[in-house]
Amino acid sequence: MKVVIDQDKCVGAGQCVLLAPEVFDQRDEDGVVVLLQENPPAELHDAVRQAAQVCPALAIELAES
Amino acid sequence: MTDTMSGPEALPAFPMTRDAKCPFDPPPQLMAAEPMSRVRIWNGDTPWLITDYATQRAVLADQRFSADTTRPGYPVQSEAVLARRRTSRPFIVLDDPEHDRQRKMLTRNFMIKRVEAMRPRVQELVDGLIDAMLAGPKPADLVTEFALPVPSLVICELLGVPYADHDFFQACSKKLVARSTPADEALRAGEDLRVYLLDLVAAKEKAPTDDMIGRLVADQMASGELSREDVASMASLMLIAGHETTANMIALGTLALLEHPEQLAEIRDADDPGLIANAVEELLRYLNIVHSGRRRVATEDIEVGGRLIRAGEGVILANDAGNRDESAFPEPDRLDIHRQARHHIAFGYGVHQCLGQPLARMELQVVYSTLYRRIPTLELAIPFDDVQFKHDMVVYGVHSLPVTW
Ligand code: HEM
Ligand code: SF4
């Protein structure tokens with residue numbers, strides 16, 4: 001799985017950080033998402049998929065391999 | 001039905017009324033509506049009503065639908081809101097790019113790590129209020145003794161608003177969220193709050209403070225990115241949004257749990273913060289307290305769910321119905337604190353999705369994990385049928401909740 005984020009779209013709601021803190025964080029100045037790992041291990045895939053599903057700004061895209 | 005022939009009088013009125021016997025459920029007429037239909041609102045306008053989850057999310061994620069209440073065709077909540085929004089324009093009623101510019105100035109305050117750092121302080125406030133309630137007379141009104149003070153104290157500390165003034169701003173915000181407030185009274189309440197907050201901003205210009213309003217004054221206002229009016233209008237939005245909502249979730253959530261004692265017991269005895277967090281999401285979904293629908297207006301012709309919404313037509317997204325859509329939540333009318341409810345739309349969806357959601361979640365997690373553990377014999381002090389629900393408020397809940405232990 002490859003995770004792609006769009007920082008321009010992100011509205012800083014933090015949903016992704018709650019669901020997958022190993023993969024997503026927020027930058028200090030404005031709460032916008034930052035990606036901690038582009039290719040998360042299999043055990044995190046469910047949480048990452050959920051994050052992509054609930055992100056209100058459609059800022060998380062997944063390329064499943 | 002020949003809805004092109006019959007006039008708007010023939011359309012169902014919105015908002016619809018709940019069944020008095022099922023105060024936790026959305027209005028039956030709303031649940032029976034087609035996924036997309038037309039309704040009639042207070043001013044005679046006939047916006048679209050959308051009730052299914054998927055279409056609601058699609059519309060809320062599509063910025064061709066505007067949140068600007070002053071655009072022709074926007075389905076305004078009430079005469080009071082219409083009057084007030086001509087002068088007070090916080091970013092909840094602005095579109096991008098201006099909405100995004102203002103929201104981004106605040107997001108860092110609600111970052112998950114920032115909010116987590118506040119958890120011990122919220123725990124302390126919650127414990128203090130419970131101590132005071134236990135030391136006071138029985139029965140007690142859970143709303144005034146606990147549900148309102150928790151979020152009010154928290155938002156006051158965060159914003160830098162003196163809690164001593166809570167009677168004043170709670171009275172203002174109560175008028176602003178009642179659908180029935182006459183326009184002139186709502187205008188006055190909004191104006192009183194604006195003047196109060198402008199004074200507070202002026203005080204923070206003279207004597208800087210390290211809180212949310214203080215930082216807006218020292219950074220964005222000093223640099224000219226925000227005017228004094230902008231800061232006051234942001235503060236007013238956060239003050240109202242920050243306590244009315246969470247307070248109703250605390251009181252109504254407690255009532256719902258008292259009606260589901262096995263689930264209350266599970267929450268009370270839970271060692272697992274994951275179960276508490278899950279219960280919070282489910283209660284947000286099930287109760288959906290912001291119950292008058294998210295509202296938008298189409299800025300161009302847009303095809304949605306196989307129908308054409310024309311430029312200038314209003315749209316009401318009934319998220320209370322969306323959160324009971326069985327295609328998204330199996331057996332939607334059942335409260336089940338173990339279900340996967342994380343994708344609910346009780347905080348809205350799209351770029352306007354609640355800015356304060358990390359804070360609201362944390363406060364509710366602290367409250368639900370503490371209140372029933374500290375007062376295991378908590379019970380309603382009046383018959384359930386005598387509880388007064390906030391049918392006429394933009395935010396649903398109970399007016400008071402007499403409890404004993
Ligand atoms: C359980 C509690 C809460 C609920 C159910 C709730 C619900 C909502 C909803 C449904 C919206 C979307 C409005 C729209 O789509 O037009 C919203 C927006 C907003 N909420 Fe909350 N809210 C809660 C708590 C809070 C708290 C604690 C704050 C703290 C400051 C807050 C601040 C805001 C702000 C500033 C917006 C506007 C966001 C924007 O337009 O970008 N809310 N809320
Ligand atoms: S869930 Fe989406 S909008 Fe929220 S912080 Fe993550 S990427 Fe940004």
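The sequence lines fix the lettering, A, B, ..., with proteins before strands; numbering per chain opens at 1.
In this structure, no portion of B/Q63 lies under 4.5 Å from any heavy atom of chain A. Of the atoms belonging to B/I112, heavy atoms from both backbone and side chain fall under 4.5 Å from chain A. The part of A/Q50 that comes within reach of chain B is its side chain, from C-beta onward, which places non-hydrogen atoms under 4.5 angstrom from that chain. Heavy atoms of B/R114 lying under 4.5 Å from chain A are absent altogether.
Counting heavy-atom pairs closer than 4.5 Å to chain B, the top-ranked of the candidates A/Q15, A/Q53, A/E29 is A/Q15. If you tally non-hydrogen atom pairs under 4.5 Å between each of B/H344, B/H352, B/Q340 and chain A, the highest count goes to B/Q340. Note: B/R57 leads B/M105, B/E116, B/R57 in heavy-atom pairs under 4.5 Å with chain A.
Between B/Y53 and B/F329, the angle of the ring planes goes over 60°, which puts this pair in the perpendicular group of the 30/60° scheme.
The main-chain N or O of A/G31 is found under 3.5 Å from a side-chain atom of A/Q26 such that the two form a donor-acceptor pair.
In this model, no donor atom of one side chain and acceptor atom of the other lie less than 3.5 Å apart for B/R342 and B/N278. Looking at B/D68 and B/S66, their side chains never bring a donor and an acceptor atom within 3.5 Å of each other. For the 3.5 Å distance criterion, the side chains of B/H291 and B/N288 fail to qualify, holding no donor opposite an acceptor.
Minimum interatomic distance between B/Q220 and B/S223 (heavy atoms only, all atoms of both residues): O-OG, 3.2 Å.
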